[in-house]
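Each remark here refers to the structure printed beneath this line.
Quantities reported herein were computed from a predicted structural model and do not represent experimental measurements. Order of the sequence lines sets the chain letters (A, B, ...), proteins ahead of strands, with each chain counted from 1.
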Amino acid sequence: MDEVTEDSNISRADSGVKASNFIEEFINQDLAEGKVSEIRTRFPPEPNGYLHIGHAKALFIDFSIAEKYGGKCNLRFDDTNPAKEDEEYVDAIMEDIRWLGYRWDKLAYGSDYFDTCYELAMKLIGKGLAYVDDLSKDEMREYRGTLTEPGKNSPYRDRSMEENLRLFREMKEGKHPEGSKVLRAKIDMASPNLNMRDPALYRIMFISHHQTGDKWCIYPMYDFAHPIQDAIEGITHSLCSLEYEAHRPLYDWVAEHCDFDPRPRQIEFARLNLTNTVMSKRYLRALVEEGQVDGWDDPRMPTLCGLRRRGYTPEAIKDFLARAGIAKADSVVDAGLLEHCLREDLNARAKRLMGVTRPLRLEIENYPEGKSETLFMENLPGSEEKHEISFSRDLYIEEEDFSEVPPSKKYFRLYVGGEVRLKGAYIIKCERVEKDEAGNILKVVCTYDPLSKSGDVNAGRKIKGTLHWVDAKTALPAEYRIYGSLLTDELEGDFKERLNPDSKQALKGFIEPEIKKAKAGEQFQLLRKGYFCADSRDFSPERVVLNMSVGLRDTYTKQVNNI
RNA sequence: UGGGGUGUAGCCAAGUGGUAAGGCAUGGGACUUUGACUCCCACAUUCGUAGGUUCGAGCCCUGCCACCCCAGCCA
């Protein structure tokens with residue numbers, strides 16, 4: 001027993017990698033036992049939809065493990081079912097992978113290996129390990145048995161090798177109609193693992209394939225094609241989600257009987273689930289097809305392109321994945337963790353700009369009319385880099401930052417008779433409000449303290465509240481229109497209401513008037529208190545990028561429930 | 001109720017026989033030119049459960065319970 005322990009210690013030293021999850025432990029083991037030397041993984045999406053954050057987990061695992069071991073990761077489009085797949089998704093998938101920052105080694109399509117699959121199927125037939133079955137779909141189901149009862153052999157199970165060879169060739173040649181025949185592995189109809197009860201290997205489909213056109217009318221099943229593809233590419237570790245666990249015996253069976261050596265090892269991990277988030281491709285597709293959302297990249301979608309539009313950064317997503325961990329227990333990760341990761345990333349590098357969503361007019365009556373001065377604001381807290389903002393007698397502040405009478409003792413915002421600091425500018429005191437006949441507040445009239453200018457030595461007076469604001473002269477009046485990555489094009493109505501109520505700390509940052517200048521002619525007006533970030537990397541006058549760490553999840557969930 | 005899996009805090013998750021890491025969330029405090037950020041502090045006498053082995057068990061053994069996956073010519 002001691003020897004075993006010693007061996008495993010040595011193995012750890014050999015791999016030079018400290019395992020941080022069970023997958024890496026398996027890999028270390030394989031390395032130590034000399035089963036593999038160079039690690040190669042693969043990310044095998046089916047091109048039938050856009051990648052979502054759940055796929056990002058697989059991507060993260062496949063790529064980061066390969067990288068950790070100095071190996072490579074391939075990208076392979078798993079396109080064995082032309083009925084469900086489309087070229088449309090191929091480019092989108094590659095774009096999303098690149099956006100996350102991953103670079104695959106070899107790019108391939110499962111269909112690249114159709115010839116080999118066919119040959120191997122013939123080989124299996126030759127070994128007496130596969131046969132052509134004429135049973136219908138329904139009959140096959142009946143013959144399969146149930147969870148508790150064994151299945152029974154198909155009457156076609158014992159056809160001669162010659163007949164099977166001829167029939168399978170005929171299938172390929174299109175001599176048999178769809179559904180009339182199928183190639184099956186001859187394993188064990190009494191196996192307690194239903195996947196081993198003579199699983200289908202090939203089916204007839206007169207559908208042209210987005211890669212191979214009309215070359216084929218028979219297509220291999222996933223269970224047959226996948227191990228073959230992995231083996232051909234020299235994949236050492238085929239990482240996939242838990243639902244394939246029961247398929248592993250079949251995966252191994254195929255690899256073994258097709259005489260591959262070495263053979264890839266399949267390791268399963270739990271897929272990602274997020275609270276309040278629909279991760280099923282089926283539902284996501286429904287949302288798109290039924291027009292519940294604008295498209296796969298609608299900011300409310302958990303797709304990578306949706307998250308991207310919503311302002312998520314690749315770094316935040318990868319950090320999130322790393323923190324959520326890799327294990328085998330079914331779990332639902334709190335979406336708050338994802339948001340936290342975004343906030344943390346953005347907080348460190350997103351340029352701070354100011355803007356106002358619901359403008360309330362504010363006049364500084366002791367500030368000279370017509371005067372305007374240029375102030376400077378840090379791009380990041382404590383940053384040397386600053387940008388200019390204009391200040392004058394007429395400003396806008398956030399409607400909700402003002403209350404005639406303080407609603408509570410702990411109210412730090414502006415009220416009649418109260419003082420507050422305008423971020424990056426002066427301390428002001430509210431003298432009175434002006435209202436219309438109906439009693440609506442039209443304007444808040446204040447005085448400012450010229451000695452309190454931000455940054456001045458004598459500005460040391462402390463004031464509890466600080467408000468963001470925009471210069472009425474340079475700000476554009478407007479509707480809710482936000483440009484950029486978060487709510488990209490345009491957000492109708494009052495977007496605030498659509499935010500998750502739990503997201504009170506979710507958004508941060510500022511939008512400032514100069515952006516509006518850049519968009520002169522457009523109606524534009526923004527921002528709720530400290531809640532948005534403009535990501536400096538993507539910042540340009542033409543493209544304001546607003547990052548919000550929480551999307552429109554509430555709305556989103558309701559829509560899904562309606563399906 | 002056949003097979004395959006999984007159960008550690010509100011949510012994830014380390015832990016590999018030596019006396020329960022870490023993160024998110026939450027509560028409290030400090031700081032603050034945005035009630036943010038940041039920083040401190042608190043947060044499992046107990047690991048689904050009942051027994052057993054052991055000087056010692058979250059880790060080993062046995063039984064039980066719960067949840068997930070498999071009966072596509074989907075992946």
Select base, sugar-phosphate, or nothing to describe what Phe224(A) touches, counting heavy atoms under 4.0 Å on all strands. nothing
Problem set entry | Atom P, compared across U62(B) and G23(B): separation rounded to whole Å | 37 Å
Looking only at G3(B), G35(B), C24(B), the nucleotide nearest the Arg323(A) side chain is C24(B)
Looking only at G10(B), A75(B), C70(B), the nucleotide nearest the Glu85(A) side chain is A75(B)
Rounded P spacing from A75(B) to G5(B) in Å: 24 Å
**Message:** With a 4.0 Å cut-off on N to O distance, would you call Lys464(A) and Glu419(A) a salt bridge?
**Reply:** no
Can you tell me whether the side chain of Thr148(A) and the base of U1(B) have a donor-acceptor pair closer than 3.5 Å?
no
Could you tell me how far C68(B) sits from G63(B) if I compare only their C1' atoms? Round to whole Å. 22 Å
Distance under 6.0 Å and angle within 45° of ring axis: Lys429(A) vs Tyr448(A): no
Less than 4.0 Å between a side-chain N and a carboxylate O, is that true for Asp198(A) and Arg157(A)?
yes
Assess whether one donor atom and one acceptor atom, taken from the side chain of His468(A) and the base of A36(B), lie less than 3.5 Å apart. no
Please determine if Glu46(A) and Lys84(A) form a salt bridge, counting it only when a charged side-chain N lies under 4.0 Å from a carboxylate O. no
On RNA chain B, more 5' by nearest nucleotide between Arg141(A) and Glu245(A) is Glu245(A)
Note to self: Taking the P atom in each of U49(B) and A57(B), what is the distance between them to the nearest angstrom?
What the structure shows: 16 Å
- request: Using only side-chain N and O atoms of Arg271(A), determine if any of them is under 4.0 Å from OP1 or OP2 of C69(B).
  value: no
- Does Arg203(A) have a side-chain nitrogen or oxygen under 4.0 Å from the phosphate oxygens OP1 or OP2 of A75(B)? yes
**Message:** Looking at A75(B), I'd like to know if its phosphate oxygens (OP1 or OP2) sit under 4.0 Å from a side-chain N or O belonging to Thr80(A).
**Reply:** yes
ask   = With a non-hydrogen cut-off below 4.0 angstrom, is Leu183(A) in contact with a base, only sugar-phosphate, or nothing?
value = nothing
Original post:
Less than 4.0 Å between a side-chain N and a carboxylate O, is that true for Lys453(A) and Glu373(A)?
Top reply: yes
If we take the C1' atom in both G2(B) and A42(B), what is their distance in whole Å?
49 Å
Asp78(A) has its side chain closest, among A75(B), U6(B), C24(B), to A75(B)
Report task. Assess whether one donor atom and one acceptor atom, taken from the side chain of Lys464(A) and the base of U32(B), lie less than 3.5 Å apart. Result -> yes
Under a 3.5 Å limit on both distances, the Watson-Crick or wobble mate of G72(B) is none
Judged by whether its glycosidic angle lies within 90° of 0, G23(B) is anti
The salt bridge (Lys or Arg N to Asp or Glu O under 4.0 Å) partners of Arg76(A) (sequence neighbours excluded) come to Asp230(A), Glu233(A)
To the nearest angstrom, the NZ-C1' distance between Lys462(A) and U32(B) comes to 8 Å
For His226(A), report the nucleic acid contact type (base, sugar-phosphate, nothing); a contact means any heavy atom under 4.0 Å. nothing
When both distances are under 3.5 Å in a Watson-Crick or G-U wobble arrangement, the nucleotide paired with G63(B) is U49(B)
Rounded to whole Å, CE of Met189(A) lies from C1' of G3(B) at a distance of 15 Å
Think Arg421(A) has a side-chain N or O under 4.0 angstrom from the OP1 or OP2 of G35(B)?
no
Review point. Say you pick atom C1' in C74(B) and the same atom in C67(B); how far apart are they, in whole Å?
Key: 25 Å
Taking atom types as modelled, is there a side-chain donor on Asp86(A) or His210(A) under 3.5 Å from an acceptor on the other? no
To the nearest angstrom, the CD1-P distance between Ile427(A) and U33(B) comes to 10 Å
If you measure from the P atom in U16(B) to the same atom in G58(B), how many Å do you get, rounded? 12 Å
Between Leu147(A) and Ser408(A), whichever has its closest RNA chain B nucleotide further toward 5' is Leu147(A)
Using Watson-Crick geometry (N1-N3 plus N6-O4 or O6-N4) or G-U wobble (N1-O2, O6-N3), each under 3.5 Å, C39(B) is paired with G29(B)
Would you say G35(B) has OP1 or OP2 under 4.0 Å from some side-chain N or O of Lys410(A)?
no
Closest of C70(B), A75(B), G7(B) to the Asn81(A) side chain is A75(B)
Report task. Pick the C1' atom in C47(B) and in U8(B), then give their distance to the nearest Å. Result -> 4 Å
Which of G2(B), A13(B), A75(B) is nearest the side chain of Pro192(A)? It is G2(B)
